[in-house]
Protein chains: 2
Amino acid sequence: MHNCIVHYVREVTRNSKAQNAVAANPKAAQDETAQDAPRVSDRQILQRQVCFALYSASRAATAVYRPMLQELGLTYPQYLVLLLLWERDGASVRELGEELALDSGTLSPLLKRLEAAGLVRRQRSVDDERRMQVHLTDDGDALRERAAAVPQQLAEAAGLESGELDQLRGTLSRLTAALHVAAL
Amino acid sequence: MHNCIVHYVREVTRNSKAQNAVAANPKAAQDETAQDAPRVSDRQILQRQVCFALYSASRAATAVYRPMLQELGLTYPQYLVLLLLWERDGASVRELGEELALDSGTLSPLLKRLEAAGLVRRQRSVDDERRMQVHLTDDGDALRERAAAVPQQLAEAAGLESGELDQLRGTLSRLTAALHVAAL
DNA sequence: TAGAGTTTCATTGTGCGCAACTATTCTGCA
DNA sequence: TGCAGAATAGTTGCGCACAATGAAACTCTA
């Protein structure tokens with residue numbers, strides 16, 4: 001009949017089955033029309049903003065990556081870190097952070113998780129003990145091949161011409177650089 | 001001499017000032033060269049990926065927004081929700097989620113925070129008690145004017161031609177749509 | 001009209017992103 | 001040489017994203 005563990009209960013419970021057919025809010029009807037086809041005007045509110053277009057596209061892209069990365073036991077930021085390490089084994093936290101624009105507040109726990117997963121080894125640099133160097137383990141290195149197919153699939157899912165993709169990447173690079181400057 | 005609360009201590013402490021000049025890891029030397037000037041090839045690893053370009057640009061854009069929104073006491077997703085409510089007061093959680101591609105796991109606590117800040121009121125729909133409708137308070141409505149200047153500033157910081165921005169937005173829209181389809 | 005299935009929203013848990021802060025090590029200069 | 005300040009990582013805390021799950025309300029059909 002009822003479980004012992006109750007996770008939540010509705011704050012407001014039914015006000016007598018809504019037999020007051022007043023339709024207190026005229027928007028209710030109009031909302032129905034928006035059910036399957038969200039009105040163009042509403043989308044446009046957001047689509048007018050470049051920032052939302054970026055936010056939205058970025059999440060959609062990582063969502064396409066997610067199932068592939070999940071098979072490798074990785075999240076997208078973890079995958080980015082490995083991409084760097086595959087080319088520059090032994091990079092420090094600062095170097096990784098510079099490439100990814102992430103600080104130690106994000107990277108430190110992320111690297112600990114990669115270490116716990118057996119993909120990297122962290123060790124203090126011998127000649128500068130402030131530096132924490134990140135080295136691939138054999139498992140981490142082996143993952144490289146399995147991950148090789150990942151970026152390909154996004155390009156296919158993108159539904160854009162190859163030239164269009166190149167142009168997009170170029171525009172985004174310049175945009176990102178300009179924004180980093182603007183953020184002082 | 002010492003505080004009572006110790007937040008953390010280095011896992012590995014100095015190995016006797018590195019007097020063991022063995023250089024246990026031959027890679028240490030090679031790392032030095034990468035110290036100050038991240039090699040071009042490394043940047044290219046990431047820049048080859050559209051997904052990283054999106055991820056990067058998106059974070060840079062919200063970073064430019066952040067100080068402006070901070071003055072309004074808002075985060076970027078909260079600002080997006082208000083953008084919608086300013087045009088469609090009384091929208092339900094599902095409707096907001098559809099526009100923003102966010103689920104209730106994200107929106108429910110976000111809306112509670114907006115409510116706690118006195119910007120919105122949440123109330124169950126009378127004619128369908130599953131629906132939770134979100135209404136602006138006077139404060140929430142008043143914020144609209146103060147927020148009007150926000151998007152303008154990003155366009156300036158972007159450092160792109162107006163036409164280029166339009167094209168970018170268009171490309172991103174098509175990309176996002178295609179990716180949503182690809183994600184099944 | 002009963003009840004199976006759907007819709008809507010909430011909660012829990014995990015991991016990222018970022019600000020604020022702390023600890024440790026190194027550097028440069030007086 | 002010693003010490004002030006910089007550089008490097010780590011921690012804490014908060015707010016998103018998102019998966020998995022649960023509860024309540026509604027719908028549709030036999």
Side-chain angles (χ1 to χ4, degrees), chain A residues 2-3 5-15 17-18 35 55-56 58-60 62-63 66-67 70 74-81 92-98 100-114 116 122 124-125 127-134 183, chain B residues 2-3 5-15 17-18 35-36 55-56 58-60 62-63 66-67 70 74-81 92-98 100-114 116 122 124-134 183:
Chain A
H2 51 274
N3 274 335
I5 302 170
V6 173
H7 292 272
Y8 81 102
V9 280
R10 285 268 166 94
E11 308 133 20
V12 181
T13 32
R14 47 154 71 191
N15 33 14
K17 192 65 181 179
Q35 188 120 341
Y55 164 79
S56 212
S58 174
R59 286 200 298 129
T62 63
R66 195 168 301 120
Q70 204 154 28
L74 295 176
T75 65
Y76 183 65
Q78 289 169 6
Y79 166 71
L80 291 178
V81 166
S92 71
V93 173
R94 184 186 64 76
E95 287 160 0
L96 295 173
E98 219 161 80
L100 300 169
L102 289 172
D103 64 6
S104 67
T106 300
L107 285 176
S108 288
L110 185 154
L111 291 168
K112 282 196 167 185
R113 280 186 287 270
L114 283 182
R122 299 180 315 133
R124 293 270 167 201
S125 167
D127 32 53
D128 184 346
E129 298 215 347
R130 290 171 304 180
R131 290 164 53 87
M132 176 65 90
Q133 298 187 292
V134 187
Chain B
H2 51 273
N3 273 335
I5 303 171
V6 174
H7 291 272
Y8 82 101
V9 281
R10 285 267 166 97
E11 308 133 19
V12 182
T13 31
R14 48 156 67 191
N15 29 16
K17 193 69 180 179
Q35 187 122 341
D36 286 328
Y55 164 79
S56 213
S58 174
R59 285 200 297 129
T62 63
R66 196 169 299 118
Q70 204 154 29
L74 296 176
T75 65
Y76 183 66
Q78 289 168 7
Y79 166 71
L80 290 178
V81 166
S92 71
V93 173
R94 184 185 65 76
E95 287 160 0
L96 295 173
E98 218 161 81
L100 300 170
L102 290 172
D103 64 7
S104 67
T106 300
L107 286 174
S108 288
L110 185 154
L111 291 168
K112 282 194 168 186
R113 280 186 287 270
L114 283 182
R122 300 180 314 133
R124 292 272 167 198
S125 166
V126 177
D127 33 53
D128 184 346
E129 297 214 346
R130 291 171 304 180
R131 292 165 51 88
M132 176 67 90
Q133 296 187 293
V134 186

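Keep in mind that what you see is a predicted model, and the values were worked out from it rather than measured. Residue numbers start from 1 in every chain, and the chains themselves are labelled A, B, ... in the order their sequence lines are given, proteins ahead of strands.
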Practice problem: Enter the distance from B/Arg59:CZ to B/Arg66:CZ here, rounded to the nearest 0.5 Å. | Solution: 9.0 Å
Quiz item: Between atom CG of A/Leu80 and atom CG of A/Leu96, what is the distance when rounded to the nearest 0.5 Å?
Solution: 10.5 Å
Exercise. Using heavy atoms to find the nearest nucleotide of DNA chain D for B/Arg113 and A/Leu111 separately, return the residue whose nucleotide is more 5′.
Key: A/Leu111
Below 4.0 Å: OP1/OP2 of [N] and any side-chain N or O of [X]:
{"X": "A/Ser92", "N": "D/dT8", "value": "no"}
{"X": "A/Arg122", "N": "D/dG10", "value": "yes"}
{"X": "B/Gln133", "N": "C/dC9", "value": "no"}
{"X": "B/Lys112", "N": "C/dA10", "value": "no"}
{"X": "A/Thr106", "N": "C/dG17", "value": "no"}
{"X": "A/Arg94", "N": "D/dT8", "value": "yes"}
{"X": "A/Arg66", "N": "D/dC18", "value": "yes"}
{"X": "A/Tyr55", "N": "D/dA17", "value": "yes"}
{"X": "A/Arg59", "N": "D/dC18", "value": "yes"}

Taking only N/O atoms, report every protein-nucleotides 1-3 of chain D pair under 3.5 Å with atom names and distance.
none

Quiz prompt | All side chain to side chain contact (heavy atoms under 4.5 Å, CB included) counterparts of B/Arg113, not counting sequence neighbours | solution = B/Gln78, B/Pro109, B/Leu110
Quiz prompt | Results of side chain to side chain contact (heavy atoms under 4.5 Å, CB included) for A/Arg130 - residues two or more places apart only | solution =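 Here the qualifying residues are A/Asp128.
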Quiz prompt | Heavy-atom pair with the smallest gap, counting every atom of B/Val93 and B/Leu107 | solution =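 Looking at all heavy atoms of both residues, the shortest contact is O-CD1, 3.6 Å.
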Quiz prompt | Minimum-distance pair of heavy atoms, taken over all atoms of A/Arg131 and A/Ser92 | solution =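 Distance-wise, the nearest heavy atoms are NH1-OG, 3.8 Å.
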Quiz item: Checking only heavy atoms, does the side chain of A/Arg130 share a donor-acceptor pair with the base of C/dT24 at less than 3.5 Å?
Solution: no
Quiz item: When only distance counts, do a donor and an acceptor, one from the side chain of B/Ser104 and one from the base of C/dA10, lie under 3.5 Å apart?
Solution: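 Yes, the side chain and the base share a sub-3.5 Å donor-acceptor pair.
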Self-check item: Closest-nucleotide ordering on DNA chain C, the 5'-leading residue of A/Thr75 and B/Leu107
Solution: B/Leu107
